[in-house]
Amino acid sequence: MCYIDLEWCTASSATLNISAPAALDYGPTREFKKFINLPIEVRYMIYEYFVICDKPVYISRRERGRNWDNDSPVSPQNFRGLFGLNWKIYEEVSRVYYGKNTFVLGNADWGSGRAPSEMAMEKFVAATLPGHLLHITNVIIQIYARSSAYFANPGTHDYPAIGSRTSAESLYAISRSIVTDIKNVISVKYEIIEQNWESDNPWDIFQPRIDPVGSVASQKHLDQSENVAAIEQMLDLLLMRGKRSKLALTKLSEVRTTSRGWIDMRAAVKTMIFAIIAIQFILTACSQSYTHDGSRQKTYDYIVVGGGLTGMVVASRLSEDKHKTVLVIERGYLDDKPQAIIPYYAYTVDESVMMRVTSAPNPKLNNATYAVAVPAVVGGGTVVNGMAYSRGSKADYDAWEELGNPGWGWDGLLPYFRKSSSFIPPSPEVARQWNMTWDLSVFGRGPLNTTIPNFQYPDAASFSGAWRQEGSIPFPRDVNDGSGPGLYWVPSTINPLDGTRVTSRKAYYDPVYQNRANLHLLTGHTVNEILIHKLHAKGVRIVSRSTNHTSNVFARKEIILAAGAVHTPHLLQISGVGPKAVLGAAGVKIKKYMPAVGANLQDHPTALMIFNITNPSFPNPNSIATNATYNSTVWTEYFANRTGPIAGSRGATGAFLSLSQLTSPSITSNITIFVSETIASPLPYLPSIYANPYLLQGYKAQARIIQNLFLTNTSIVSAFPYSGSGSAPAALQKPLSRGTITLNASNPHGPPVIQFNTLQNPIDRTILLAMIRHARRFWASPALSPLGPVELSPGVQYQVDEEILNALVNKGTLWPSLAHPCGTCAMMPEELGGCVGPDLRVYGVEGLSVVDASIIPMIPGIGLQATLYGVAEKASDLIKARA
């Protein structure tokens with residue numbers, strides 16, 4: 001048995017048996033988990049190689065000093081979890097378990113502490129690869145030997161310690177040179193054309209046609225063009241290049257190596273596997289501390305705090321000027337796991353990239369506490385959200401302008417909505433079948449791809465039909481045209497050309513960073529203070545999560561806060577900008593008194609109603625989990641074509657209602673009367689900070705606007721998105737309650753105190769109960785009766801208001817947040833309790849601006865993703881204009 005230590009830690013050269021077949025060793029559990037975290041495409045190709053070469057898969061369970069049945073083959077169930085493939089592949093693995101050659105994942109003899117030498121590696125590769133490919137593999141051997149020696153004995157070689165600036169720069173530079181060297185070995189002549197969405201199967205252009213279960217077809221050598229297409233695809237996977245979804249390689253010829261002969265598929269795959277694994281681990285080592293920054297500096301033109309949705313957009317746009325340097329500082333890391341790429345995983349939240357933040361006890365929800373969704377990953381919420389791309393109504397954004405923000409109404413934002421987005425229609429056949437509509441005029445040719453997925457579960461027709469029979473709401477053409485209430489097909493941030501989730505990283509960062517020496521991304525670091533001197537923001541103090549090392553970086557022009565509605569106000573407060581009482585209690589020196597910082601917290605409180613569908617159609621969203629045959633079918637379809645339910649969204653339809661469409665005229669009248677009373681005397685329903693006259697006046701201005709919106713059918717008050725099953729969230733879109741985010745006085749640098757104050761204003765309670773009763777009527781409608789829905793939550797036995805709310809709270813299905821926190825550094829005049837002006841600069845602090853969801857003065861009646869892309873694009877132009 002031969003072991004190769006691909007983690008470059010320690011391995012015994014004595015375990016290298018040159019004449020033995022290849023095997024891969026990932027060491028003990030810690031290193032083995034890193035293999036699992038490889039992108040699914042990489043794991044898939046590793047598997048393809050070993051099937052082609054007829055090498056069945058084993059797993060070694062031996063750890064240091066312990067031998068756990070070292071020769072036990074991995075079970076099909078565990079193999080599924082390891083590779084994320086389909087049942088046909090598992091069955092094939094089981095069939096060939098006991099072959100002569102073996103692929104081992106496990107632990108070799110790590111006792112000697114020595115890394116394999118370059119000579120040993122060269123002999124091994126020479127014995128296992130065709131001679132005409134040695135030139136390519138020599139590149140891998142050299143970097144492998146140097147890296148393995150370094151990682152075996154850190155500090156004794158030319159490379160500095162892991163996590164330092166120099167090691168990250170060196171390793172990343174070497175990995176880039178490997179890609180260049182490999183591509184230079186192959187002479188390729190091809191034409192590149194733009195990929196049109198109407199292509200029958202654009203993914204086929206990039207997918208090597210290898211049968212994943214090792215059939216006769218998979219053993220055949222493909223022609224020259226297909227060989228090179230496979231190699232090009234594998235190389236592009238190394239750095240997740242954006243061109244895969246935009247360009248197609250359509251003509252490939254004259255493919256030769258530097259020595260002799262045509263490249264055959266088996267040898268090409270084997271060689272590329274070595275390249276992919278080697279470079280993947282180098283990039284992983286880099287990304288854990290310092291990513292994509294070839295020249296760490298102390299001073300930049302712009303520092304962007306937060307690499308989420310708005311941070312990626314603003315950094316990308318500002319770095320378009322090659323003379324301006326931009327640093328993005330992100331707490332999280334780059335995430336290329338399947339959960340961040342494959343749309344199907346939007347059904348769940350990847351907790352590994354979420355911070356563990358808990359709300360304060362909510363007085364109106366039996367003092368219950370709730371998890372607060374705060375992503376820590378490059379791309380932010382776009383990596384973990386439900387992917388819905390939907391804008392608010394014209395009235396929602398015009399309300400921002402009415403609050404004293406010229407240029408921030410619908411007409412001022414629409415050009416930026418267009419600039420950020422593009423729409424790739426579903427197929428004409430699917431559009432006709434489902435009566436899908438959209439309006440291309442409200443989209444542009446922006447980097448953010450959106451679509452209505454071609455696949456829809458059949459019960460979606462019943463849902464839409466039930467709303468149409470109700471007859472109380474209109475059916476506008478596109479949820480993104482500003483029409484407001486209606487029944488819509490809602491696009492998702494999915495690129496149908498490659499069947500992947502589109503994040504702000506994929507849309508704005510990945511396509512450009514390689515060609516922009518002025519754009520730098522620092523991951524794994526938190527900003528714990530804005531360095532403010534004489535009311536001028538000069539720089540930020542950052543802390544490495546891996547080493548706790550603290551350092552300062554400075555901005556010549558501007559510090560741009562994009563840390564989100566939770567952490568932007570927290571960072572301002574810890575830096576001395578905020579309410580006196582909050583800062584004083586935490587022992588923070590006040591540099592700028594600003595009560596608006598952390599006030600005005602808004603979200604979409606949601607009652608999750610649950611119905612048991614006793615007679616569902618097939619397939620339905622539960623079929624993937626409950627039907628092994630269907631599971632295998634849909635995953636096979638996805639890997640082959642990037643289509644089907646795995647490439648789709650959680651649901652593409654939703655009903656959005658105004659107040660008059662939701663309730664009776666008498667209830668609507670009572671609500672508007674109570675709003676008048678709230679405007680006259682709001683303090684009993686607001687946090688104590690609103691005793692400040694500026695905040696109070698600002699809230700009254702908001703309440704007047706909401707009262708007017710309640711009287712029209714131009715703004716959404718309640719949302720009923722369709723998930724494809726019996727999960728039926730009812731989300732309140734126009735809350736009158738306001739929350740706060742403040743420093744924890746006993747631990748100012750720890751998580752802030754997040755008080756949603758959900759349902760503090762009784763109007764919110766009244767509307768939420770009206771939504772629940774409306775949902776009950778809807779699910780009891782004749783159009784849905786064939787599905788046999790039975791209410792589980794809150795439960796039909798609860799009919800009285802208090803009983804309904806208590807049941808929801810006790811079952812954990814009344815949420816204060818739909819992961820849409822906003823408003824905590826509101827864009828309003830300072831005399832109305834604003835934190836930033838329409839130019840997004842923080843009042844009274846030079847060189848400091850905010851571009852994230854915290855600037856939203858009043859929450860739109862829709863999810864925030866589309867809104868924030870438009871905000872970030874507009875913010876970029878505002879910042880450029882004052883440069």
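For the pair P687/Q760, a side-chain contact is recorded, criterion being any heavy-atom separation below 4.5 Å from C-beta on. At least one side-chain heavy atom of I706 sits under 4.5 Å from a side-chain heavy atom of M858. Put simply, the side chain of P415 does not reach to within 4.5 Å of the side chain of E873, judged on heavy atoms. Annotation: side chain of R391 is not in contact with side chain of L413 (no heavy-atom distance under 4.5 Å). Put simply, the side chain of Y798 does not reach to within 4.5 Å of the side chain of I772, judged on heavy atoms. Within the 4.5 Å cutoff, the side chain of M387 has heavy atoms near those of the N385 side chain. Looking at heavy atoms from C-beta onward, N405 lies in side-chain contact with P857 at the 4.5 angstrom threshold. I879 is not listed as a side-chain neighbour of L840, based on a closest heavy-atom distance of 4.5 Å or more.
Interatomic distance, CG of L769 versus CD of E802, reported as 8.5 Å (0.5 Å rounding). How far CD1 of I741 is from OG of S854: 9.0 Å, rounded to the nearest 0.5 Å. In this structure, the separation between CG on L848 and CD1 on I560 is 9.5 Å, given to the nearest 0.5 Å. Interatomic distance, CG of N670 versus OG1 of T766, reported as 9.0 Å (0.5 Å rounding). Put simply, CG on N692 and CE on M594 are 11.5 Å apart, with the number rounded to the nearest 0.5 Å. How far CG of N708 is from CD of E402: 7.0 Å, rounded to the nearest 0.5 Å.
Between the side chain of H820 and the backbone N or O of L818 there is at least one donor-acceptor pair closer than 3.5 Å. Although no hydrogens or angles enter the test, the distance criterion places a donor-acceptor pair under 3.5 Å between the side chain of H570 and the main chain of P748. Proximity of a side-chain donor or acceptor of Q707 to a complementary backbone N or O of T672 within less than 3.5 Å is detected. Formation of a donor-acceptor pair under 3.5 Å by the Q602 side chain with backbone atoms of I859 is found in this model. For S723 (side chain) and S727 (main-chain N/O), a donor-acceptor pair under 3.5 Å exists by modelled atom type. Side chain of E529 to backbone of S575: no donor-acceptor contact under 3.5 angstrom is found. Without hydrogens or angle criteria, D603 side chain to P605 main chain gives no donor-acceptor distance under 3.5 Å. Using modelled atom types, one side-chain atom of T606 and one backbone atom of H604 make a donor-acceptor pair closer than 3.5 Å. In terms of modelled atom types and a separation under 3.5 Å, the side chain of Y869 and the main chain of S504 share a donor-acceptor contact. With Y690 contributing its side chain and N600 its backbone, the two residues share a donor-acceptor pair below 3.5 Å.
Relative ring orientation between F417 and W410 is described as tilted, the plane-to-plane angle lying within the 30° to 60° band. W467 and F720 have tilted rings, their planes meeting at an angle from 30° to 60° on a 0 to 90° scale.
For CZ of R777, the number of neighbouring non-hydrogen atoms (other residues, nucleotides, ligands) closer than 6.0 Å is greater than 12. Counting heavy atoms of neighbouring residues, nucleotides and ligands inside a 6.0 Å radius, atom NZ of K580 does not exceed 12 of them. More than 12 heavy atoms of other residues, nucleotides or ligands shown are found within 6.0 angstrom of CZ on F710. Shown here is K874, whose NZ atom has more than 12 heavy atoms of other residues, nucleotides or ligands within 6.0 Å.
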Original post:
Checking side chain to side chain contact (heavy atoms under 4.5 Å, CB included) for the pair T714/K394: CA distance, chi angles, key distance, verdict?
Top reply: CA-CA 8 Å; T714 62; K394 295 177 182 179; over 6 Å; no
Original post:
Between T526 and N528, does a side-chain hydrogen bond (donor to acceptor under 3.5 Å, both in side chains) hold up when you go through it step by step?
Top reply: CA-CA 6 Å; T526 59; N528 68 358; over 6 Å; no
Subject >> Stepwise side chain to side chain contact (heavy atoms under 4.5 Å, CB included) check, R841 with L878 >> reply: CA-CA 10 Å; R841 290 192 279 196; L878 289 171; over 6 Å; no
**OP:** Verify side chain to side chain contact (heavy atoms under 4.5 Å, CB included) between V490 and F656, making sure each step is shown before the conclusion.
**Re:** CA-CA 11 Å; V490 179; F656 305 92; 4.2 Å; yes
**OP:** Applying salt bridge (charged side-chain N to carboxylate O under 4.0 Å, His left out), run through D396 and K734 and close with a yes or a no.
**Re:** CA-CA 10 Å; D396 285 340; K734 285 287 180 287; 2.9 Å; yes
Subject >> Worked check of side chain to side chain contact (heavy atoms under 4.5 Å, CB included) between N757 and R738 >> reply: CA-CA 6 Å; N757 285 323; R738 294 293 181 266; over 6 Å; no
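In plain terms, the two heavy atoms of A599 and T740 that are nearest each other are CA-CG2, 4.5 Å. The two residues A655 and I473 come nearest to each other via the heavy atoms CB-CD1, 4.1 Å. When all heavy atoms of T310 and A562 are compared, the closest pair comes out as OG1-CB, 3.5 Å. Closest of all the heavy-atom pairs between S718 and L662 is OG-CD1, 3.8 Å. In terms of heavy atoms, P361 sits closest to P363 at O-CD, 3.4 Å. Closest approach of L864 to C822, counting heavy atoms only: CD1-CB, 4.0 Å.
Just one of V377, V374, V349 meets the side chain to side chain contact (heavy atoms under 4.5 Å, CB included) condition when paired with M354; it is V349. Shown are L696, L695, T742; of these, the side chain to side chain contact (heavy atoms under 4.5 Å, CB included) with I689 is made only by L695.
Qualifying side chain to side chain donor-acceptor pair (under 3.5 Å) partners for E401, counting only residues two or more places apart in sequence or in other chains: none. The side chain to side chain donor-acceptor pair (under 3.5 Å) check on Y397 picks up T867, with sequence neighbours excluded.
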